[in-house]
Amino acid sequence: MKVSTCLSAALLSAATAKALDTISAVGNKFFTSKGTQFFMKGIAYQLTEDDPLVDAEQCARDAALMKTLGTNAIRVYHVDPNADHDKCMSVFDAAGIYTLIDLDTFDTYILPKTPYWNETQFARYAEVMDTFHKYNNVLGFFVGNEIIAQADHSLAAPYIKASARDLKAYRDAKGYRPIPIGYSAADIAELRPMLQDYLTCGGNSSEIIDFFGLNSYQWCDPSAYDTSGYVSLQKQAKDFPVPIFFSETGCNQPGPRLFDDQVAIFGDKMVNDWSGSIIYEWIEEANEYGLISYGPKPAATATGVDIKGGFSRAGTPTPVSPDFENLKAQWAKATPAGVASSNYKADSVSTRACPASTEGGWLVDGNVPLPTFGGGLVRPTATSSSGSGTAASPSSTNNPAPANREIAGMSAGLVGVMLFFTFWL
């Protein structure tokens, strides 16, 4: 199956019209500005390490095929805040597709072993927000992706929370609409429950994330709700205080992918607490998670501007069989009604207690004061022996997405966040 040239052209010609309502987070649900609950049917979309939202014609080809799949959201991991995104964002808007944008860059990640949060990082995150806030189809921003992947990484959690606090304050000070700001977590059984509770605890809405994304590869077809690990995930998500969704999912072992997990996520057992999923990933690469390819695999000796890592990174998208059709069939059946915002009581959910530190596991003891620019973290009272650096055993299939690049060397910040807001305002 090929994307029709007519459909791609139609999306390009419609790129000047705003078709989508904005989305906000209320309680543990997403709602459109018209009051309809929003459930995510998303795809991870990063063709190379470069910004994928700058080539309007490629965006149109991809958006056209995504539309036939039933996609209503994409996640983009890296963008260039100085590039022109108007055409691509309008193309996806015309196709009915929202975007979730990661704010961090290759040199601004919060580092898991030596975490810090300073003006340099803040400024880079703010630049991305400044560029994308104007688009109606920006659903949310991530302040981090899988920063915490083992026990001795958990001391980075207050820095993640501080980044969300400061970016939310910046968003509000600039008068931007309340675009949700959240975090995308690795699925580590020993840390996940504490992390999701910690990032939403304390009772101060200005200091917590607006949503929690989980990168989980627990459900590997053939499987079932009772045997996949989803029973535990659902138990921990029950009445969660902010929207929770799968920010990556789609295990491909042993294959083929049947996407039966989508039946559970959008079905009666989970739909009241989960807001959908993002499938990893759009483009076929060496990890074989792609839903599409851009033509046959090039010869090993082939070179070209669009060939990287042995795969074509641009062109006409062609569905990978049977994954593409399997997902299309599952999403076609997934039509949750949800609840109207007018009938939803956000106070039916509330923040949970901040977790205590645990021996050999979670190291942040309760609701510790968050770090500020030029300041440090009040360390937990647990003994340092509990953070020996031994990796916690992941409960899910290994994440196929590239790991965060840990690049050090940024200078420490010395002034307060409000002074930095003054500079930007």
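Here the structure is a predicted model, which is why all the values come from computation and not from measurement.
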| Does the pair R171 and D210 meet the rule for a salt bridge (charged side-chain N to carboxylate O under 4.0 Å, His left out), with working shown? | CA-CA 13 Å; R171 174 198 67 192; D210 295 324; 3.2 Å; yes
| side-chain hydrogen bond (donor to acceptor under 3.5 Å, both in side chains) assessment of Y176 paired with D130 | CA-CA 9 Å; Y176 298 158; D130 289 339; 2.6 Å; yes
| said: One pair to check against side chain to side chain contact (heavy atoms under 4.5 Å, CB included): I160 and L199. What are the steps and the verdict? | reply: CA-CA 8 Å; I160 297 170; L199 293 179; 4.1 Å; yes
| request: Walk me through it: do E207 and C201 pass the test side chain to side chain contact (heavy atoms under 4.5 Å, CB included)? | output: CA-CA 9 Å; E207 292 188 344; C201 77; over 6 Å; no
| message | side-chain hydrogen bond (donor to acceptor under 3.5 Å, both in side chains), that's the test. Do E248 and Y217 meet it? Break it down for me. | response | CA-CA 8 Å; E248 285 180 15; Y217 295 82; 2.7 Å; yes
| query | Given the rule in the side chain to side chain contact (heavy atoms under 4.5 Å, CB included) test, do I43 and E281 qualify, once you have shown the distances and angles that lead to the verdict? | reply | CA-CA 6 Å; I43 298 173; E281 64 176 322; 5.7 Å; no
| request: List the steps and the verdict of side chain to side chain contact (heavy atoms under 4.5 Å, CB included) for R177 and H133. | output: CA-CA 8 Å; R177 67 179 173 89; H133 78 91; over 6 Å; no
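Checking side-chain atoms of S90 against main-chain N and O of K87 turns up no donor-acceptor pair under 3.5 Å. For Q46 (side chain) and T48 (main-chain N/O), a donor-acceptor pair under 3.5 Å exists by modelled atom type. When atom types are taken as modelled, the side chain of T318 and the backbone of I292 share no donor-acceptor pair closer than 3.5 angstrom. Side chain of Q196 to backbone of Q236: a donor-acceptor contact under 3.5 angstrom is found. At least one donor-acceptor pair closer than 3.5 Å links the side chain of D273 to the backbone N or O of D239. For the pair T71 (side chain) and A73 (backbone), a donor-acceptor distance under 3.5 Å is absent. Judged by distance alone, the side chain of N72 and the main-chain N or O of K41 form a donor-acceptor pair under 3.5 Å. At least one donor-acceptor pair under 3.5 Å links the side chain of T131 to the backbone N or O of E127. Between the side chain of S232 and the backbone N or O of G229, no donor-acceptor pair lies under 3.5 Å.
S357 has its side chain out of reach of V364: every pair of non-hydrogen atoms, C-beta onward, lies at least 4.5 Å apart. Side-chain contact between L363 and L155: present, with at least one pair of heavy atoms (C-beta onward) separated by less than 4.5 Å. Between V339 and F31 there is a side-chain heavy-atom pair separated by less than 4.5 Å. Looking only at side-chain heavy atoms (C-beta outward), D80 and V54 stay at 4.5 Å or farther from each other. Considering only heavy atoms from C-beta on, Y159 stays 4.5 Å or farther from I147 through its side chain. Side-chain atoms of V138 and M89, non-hydrogen and from C-beta on, do get closer than 4.5 Å to each other. Here the side chains of W274 and F240 are not in contact, with every heavy-atom distance at 4.5 Å or above. No side-chain heavy atom of I283 sits under 4.5 Å from any side-chain heavy atom of F311.
Contact record, I97 with A63: CD1-O, 4.2 Å, taken as the closest heavy-atom pair. Between N287 and N252, the closest heavy-atom pair is O-ND2, 3.1 Å. Nearest approach of L195 to A157, heavy atoms of both residues: CD1-CB, 4.2 Å. Considering every non-hydrogen atom in both A95 and K67, the closest pair reads O-NZ, 3.7 Å. Here the closest non-hydrogen pair linking W282 and P317 is CZ2-CB, 4.0 Å. Between H85 and L53, the closest heavy-atom pair is CD2-O, 3.3 Å.
With ring centers used as reference points, F246 lies under 6.0 Å from Y230. Residues F245 and F211 place their aromatic rings such that the two centres sit under 6.0 Å apart. Between Y170 and F122, a ring centre-to-centre spacing shorter than 6.0 Å is recorded.
Checked by atom type, the side-chain pair S184/S247 shows a donor-acceptor distance below 3.5 Å. In this structure, a donor-acceptor pair under 3.5 Å is absent between the side chains of Y77 and D102. D86 and Y135 share a side-chain donor-acceptor pair at under 3.5 Å. For the 3.5 Å distance criterion, the side chains of D104 and H78 fail to qualify, holding no donor opposite an acceptor. Side-chain atoms of E190 and W362 include no donor-acceptor pair closer than 3.5 Å. For the residue pair N136/T22, the side-chain donor-acceptor check at 3.5 Å is not satisfied. For the residue pair N145 and N215, a side-chain donor N or O sits within less than 3.5 Å of a side-chain acceptor on the partner. A donor atom on one side chain and an acceptor atom on the other are found under 3.5 Å apart for T105 and D107. Judged by distance alone, the side chains of Y45 and D62 do bring a donor and an acceptor atom under 3.5 Å apart.
Rounded to the nearest 0.5 Å, atoms CG (L327) and CZ (F259) are 5.0 Å apart. Taken from CG in L111 to NZ in K113, the straight-line distance is 11.5 Å, to the nearest 0.5 Å. Atom CG of L214 sits about 8.5 Å away from atom OG1 of T249, to the nearest 0.5 Å. Rounding to the nearest 0.5 Å gives a distance of 11.5 Å between OG of S312 and CG of L47. Between atom CE of residue M194 and atom CD1 of residue I188 there is a gap of 11.0 Å, rounded to the nearest 0.5 Å.
For the pairing with V79, the side chain to side chain contact (heavy atoms under 4.5 Å, CB included) check across D50, L103, V128 returns one residue only, V128. With Y125 as reference, W117 is the one residue of W117, F132, F142 to meet the ring pair (Phe, Tyr, Trp, His ring centres under 6.0 Å) rule.
A cation-pi arrangement is absent between K29 and F38 under the rule of less than 6.0 angstrom and at most 45 degrees off the ring axis.
Looking at D306 and R313, no side-chain N of the basic residue comes within less than 4.0 Å of a carboxylate O on the acidic one, giving no salt bridge. Ion pair R257/D323 flagged as a salt bridge, since at least one NZ, NE, NH1 or NH2 atom sits closer than 4.0 Å to an Asp/Glu carboxylate oxygen.
Scored by the ring pair (Phe, Tyr, Trp, His ring centres under 6.0 Å) test, F212 finds no partners at all (sequence neighbours excluded). Residues passing the salt bridge (Lys or Arg N to Asp or Glu O under 4.0 Å) test with E284: none are found, sequence neighbours excluded.
Evaluation of the side-chain hydrogen bond (donor to acceptor under 3.5 Å, both in side chains) test over residues 331-350, restricted to residues two or more places apart or in two chains, returns N28-Y344, Q262-W331, Q330-K333.
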